[in-house]
Novice: 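This is the structure I want to talk about, given as structure tokens.
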Amino acid sequence: MTETLAKVYLEQKKYKKAIQAYRILSLKYPEKSSFFANRIKSVEKIQKENI
């Protein structure tokens, strides 16, 4: 799992997969967990706006 893959999911509007990717990355890189948490919040906001 990579940040690039998460971004690709986001560009493809596969929001659930993007969120899952960021969750996996957060566990894999705990030192960046706050960054990934912010990305998850951003994706969730985008997801709600596009429903």
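Heavy atoms only: backbone and side chains are in, while hydrogens, waters and symmetry mates are out. All figures in this text were calculated on a predicted structure; none of them were measured in a lab.
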Novice: To the nearest 0.5 Å, what is the distance between CD on Gln20 and CD1 on Ile40?
Specialist: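 Atom-to-atom, Gln20:CD and Ile40:CD1 are 9.0 Å apart.
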Novice: How far does CG of Leu27 sit from OG of Ser33, to the nearest 0.5 angstrom?
Specialist: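 Separation between the atoms: 9.0 Å.
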Novice: Please identify each residue that fulfils side chain to side chain donor-acceptor pair (under 3.5 Å) with Tyr9, with sequence neighbours left out.
Specialist: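 Testing Tyr9 for side chain to side chain donor-acceptor pair (under 3.5 Å), a comparison that skips the adjacent residues, returns none.
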Novice: Taking side chain as C-beta onward, heavy atoms only, is Gln47 less than 4.5 Å from Ile19?
Specialist: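 Yes; the side chains approach each other to less than 4.5 Å.
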Novice: Give a yes or no on whether Tyr29 atom OH has more than 12 heavy-atom contacts from other residues, nucleotides or ligands under 6.0 Å away.
Specialist: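 Atom OH in Tyr29 is not crowded, with 12 or fewer foreign heavy atoms closer than 6.0 Å.
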Novice: To check you understand the geometry: which heavy-atom pair defines the closest contact between Ala18 and Val43, and what is its length?
Specialist: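 Smallest heavy-atom distance, with atoms named: CB-CG1, 4.3 Å.
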Novice: Enumerate the residue pairs fulfilling salt bridge (Lys or Arg N to Asp or Glu O under 4.0 Å) with a member in residues 16-25, sequence neighbours excluded, ordered by first and then second residue.
Specialist: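 Every salt bridge (Lys or Arg N to Asp or Glu O under 4.0 Å) pair that includes a residue of residues 16-25, provided the two are not neighbours, is Arg23-Glu44.
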Novice: Excluding sequence neighbours, so at least two apart, what forms side chain to side chain contact (heavy atoms under 4.5 Å, CB included) with Thr2?
Specialist: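 Thr2 satisfies side chain to side chain contact (heavy atoms under 4.5 Å, CB included) with Thr4, Leu5 only.
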Novice: Looking only at atom types and distance, does a side-chain atom of Ser26 sit under 3.5 Å from a main-chain N or O of Tyr22, one as donor and one as acceptor?
Specialist: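 Checking the backbone N and O of Tyr22 against the side chain of Ser26, no donor-acceptor pair under 3.5 Å is found.
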Novice: Mind checking whether Val8 and Ile24 sit in one hydrophobic cluster, side chains of I, L, V, M, F, W, Y counted as touching below 4.5 Å?
Specialist: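 In one cluster with Val8: Ile24, no.
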Novice: Got a sec, which pairs hit salt bridge (Lys or Arg N to Asp or Glu O under 4.0 Å) with one end in residues 25-36, sequence neighbours left out?
Specialist: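 Sorted result for residues 25-36: Glu3-Lys32.
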